[in-house]
Number of protein chains: 2
Amino acid sequence: MEARELRYFVTVAEELHFGRAADRLGIAQPPLSRAIGQLERRLGVELFTRTSRSVALTEAGAVLLREGRAALDALEAAERRTRRAATGTSNLVLVTKAGASSELLPKLLDAYAAEPGAVPVDVILCGVAEQERHLRDGRADVALLHLPFDSTVGFDTEELSTEGQLLIVPAGHPLSGRTSVSMTELAGLPMPRWPGRDGTYPPGPGPEVRDNAQLLQLIALDRAIAVLPESCRSLLPYDLRTVPVPDAPRVTTVIAWPPHSRSRALAALIRTATRL
Amino acid sequence: MEARELRYFVTVAEELHFGRAADRLGIAQPPLSRAIGQLERRLGVELFTRTSRSVALTEAGAVLLREGRAALDALEAAERRTRRAATGTSNLVLVTKAGASSELLPKLLDAYAAEPGAVPVDVILCGVAEQERHLRDGRADVALLHLPFDSTVGFDTEELSTEGQLLIVPAGHPLSGRTSVSMTELAGLPMPRWPGRDGTYPPGPGPEVRDNAQLLQLIALDRAIAVLPESCRSLLPYDLRTVPVPDAPRVTTVIAWPPHSRSRALAALIRTATRL
DNA sequence: GCAAACGATACCCGCAAGGTATTGAACGGC
DNA sequence: GCCGTTCAATACCTTGCGGGTATCGTTTGC
């Protein structure tokens with residue numbers, strides 16, 4: 001199977017529409033139809049069930065979508081890492097969610113910088129769920145992920161810390177005076193909606209948010225409330241209040257890296273992290 | 001980057017010889033030279049340092065070899081799993097080294113077969129180091145691996161059991177009467193040589209072996225001695241003797257599976273295994 | 001100093017990838 | 001129920017690229 005065919009397939013599978021997929025790919029629709037047909041013939045597998053009005057994935061198609069994405073990511077990662085190896089820039093690239101692990105990250109960077117033979121570390125702060133992409137496609141060497149939110153599927157990981165969660169509300173909020181609140185009490189309230197793995201937002205009442213800064217501003221404006229890990233406290237604005245939520249799931253911070261690529265520098269960073 | 005280019009590159013990197021690589025690929029040498037040149041230009045990276053007499057990998061080339069193999073495996077796995085998903089054969093394929101885990105495996109298969117909703121399990125017995133390939137390229141769904149011999153890089157794993165190792169010698173061997181023997185005593189003796197990840201054998205005095213049956217026969221013929229996990233005892237021929245080697249590294253059996261692909265059936269098998 | 005080995009270059013050919021025009025089937029509006 | 005719209009498939013053409021043969025230039029071993 002060729003990468004081009006797979007890219008075409010993934011695009012069609014995402015759009016479920018040959019015209020739009022062809023647009024996205026920058027080619028005309030007929031060649032795309034043909035390419036998919038060819039792929040199906042070569043695999044001997046029907047990937048889509050098509051009427052002249054609709055396109056749907058078959059079960060086998062769903063498998064190819066999942067596995068194919070992983071394969072394309074691996075391909076892209078190979079390319080990126082090769083380029084980086086060539087340009088001699090031996091910097092490590094660490095990616096994490098903006099606003100998360102705000103205490104742990106500087107400690108880690110300082111401790112690693114103090115190690116003998118430490119290389120410079122570039123930090124990428126990105127929105128939620130983008131860090132996985134960065135790590136998978138080779139733009140980053142290592143990430144700080146947060147369970148149970150992020151998926152560590154396909155990465156090697158080490159646990160770094162675990163913490164409880166807090167309810168964040170504006171100063172005048174009815175719950176702001178409470179010493180504790182339980183998840184069941186929050187069940188009906190509109191919680192912010194984070195983008196999924198594919199960049200789209202789940203349906204629901206709460207506002208759409210991409211990062212912590214957005215979220216905190218919305219809370220200050222009384223448009224949202226949220227449950228966040230305790231470590232977010234250090235960068236809360238003055239006019240927000242926190243209430244412990246003892247029964248919220250505990251959040252574990254892990255350091256994650258792609259298998260295969262354990263450079264000496266990366267290994268040292270991981271060792272430093274686990275010793276903090 | 002296209003899969004074809006990458007396959008070409010990997011072949012040349014393996015052969016370090018354009019002519020032989022072209023032969024293996026079934027194309028002529030000039031197009032191969034061109035393809036590699038194109039790849040280098042597109043990546044903007046020198047992958048080989050060539051004189052007109054020799055070819056060697058650059059550092060970046062070594063990165064691409066490692067990462068590229070992983071990417072090609074992922075591609076092949078995607079194709080295989082798609083085909084299997086289509087033909088509706090929902091069988092699980094388990095792979096393990098012939099002769100290893102001879103006690104654990106039947107227990108696992110029996111226990112799983114008794115589970116509600118169990119699907120048939122095909123068992124592949126292969127030589128050492130082939131199981132990794134099977135799991136990486138989608139021919140198998142799950143493997144029993146043995147640490148510290150096998151690499152679990154890139155797989156998800158669960159530990160199943162751990163055991164010591166025994167020295168295996170023919171009946172008349174000088175060490176056969178001992179109650180215990182240490183690794184240092186065995187240091188000078190010619191141990192069998194197993195094939196590496198790439199199928200070639202390391203240099204050294206001992207005989208080359210591919211699987212346990214070969215090895216045991218060689219031991220019976222007094223051409224070799226070996227240190228093996230305790231569980232091999234159940235399939236030892238009559239005329240061999242065992243001596244405990246307390247300071248040999250302990251062997252851990254793990255069940256391993258590729259990330260991404262956790263079917264219901266696979267999950268059930270893993271659950272069964274960890275409960276044994 | 002010559003022949004062999006080996007990668008690079010030059011040049012040609014065929015096919016498959018991509019484009020345009022069109023067909024044909026399924027909805028939706030009236 | 002008919003027509004216009006939508007959207008995938010088909011037909012047909014063009015071209016660029018992947019592959020082949022012949023050859024060159026450099027290194028190396030005898």
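So you know, we letter chains A, B, ... as the sequences are listed, proteins then strands, and number each from 1. What you see is a predicted model, and the numbers here were worked out from it, not measured in a lab.
Across C:dG7, C:dT20, D:dC7, the shortest atom-to-atom separation from the side chain of A:His17 is found for D:dC7. Counting only heavy atoms from C-beta on, B:Pro30 has its side chain closest to D:dT21 among D:dA8, C:dG19, D:dT21. Considering only side-chain atoms of B:Arg4, the nucleotide from C:dG19, D:dG19, C:dA8 that sits closest is D:dG19.
The distance from atom CD of B:Gln29 to atom C1' of C:dT9 is 10 Å, rounded to the nearest whole Å. If you measure from atom CD of B:Gln38 to atom P of D:dG18, you get 5 Å, rounded to the nearest angstrom. Taking atom OH of residue B:Tyr8 and atom C1' of nucleotide D:dG18, one finds them 7 Å apart after rounding to whole Å. Here the P atom of nucleotide C:dA17 and the CG atom of A:Leu25 are 14 Å apart, to the nearest Å. If you measure from atom CZ of A:Phe18 to atom C1' of D:dT10, you get 14 Å, rounded to the nearest angstrom. For B:Arg42 and D:dC17, the CZ to C1' distance is 10 Å, given to the nearest whole Å. Note: CD (B:Glu15) to P (C:dG7) measures 11 Å, nearest angstrom. One can place CZ of B:Arg20 at 11 Å from C1' of C:dC6, the figure rounded to the nearest angstrom.
Using cut-offs of 30° and 60° for the angle between ring planes, the A:Phe48 and A:Phe18 rings count as perpendicular.
Across all strands, B:Glu2 comes closer than 4.0 Å to no nucleic acid atom at all (heavy-atom distances).
No salt bridge links B:Glu76 with B:Arg81; every basic N to acidic carboxylate O contact stays at or beyond 4.0 Å. Salt bridge status for B:Arg69 with B:Glu14: present, with a side-chain N to carboxylate O gap under 4.0 Å.
The side chain of A:Ser33 contributes an N or O atom lying less than 4.0 Å from OP1 or OP2 of D:dA9.
Residues B:Val254 and B:Leu147 approach most closely at CG1-CD1, 3.9 Å, considering heavy atoms.
Each of A:Val55 and A:Arg34 was assigned the nucleotide of DNA chain D with the nearest heavy atom; the assignment lying further toward the 5' end belongs to A:Val55.
Counting only distance, with no hydrogens or angles, the side chain of A:Arg193 and the backbone of A:Tyr201 share no donor-acceptor pair below 3.5 Å.
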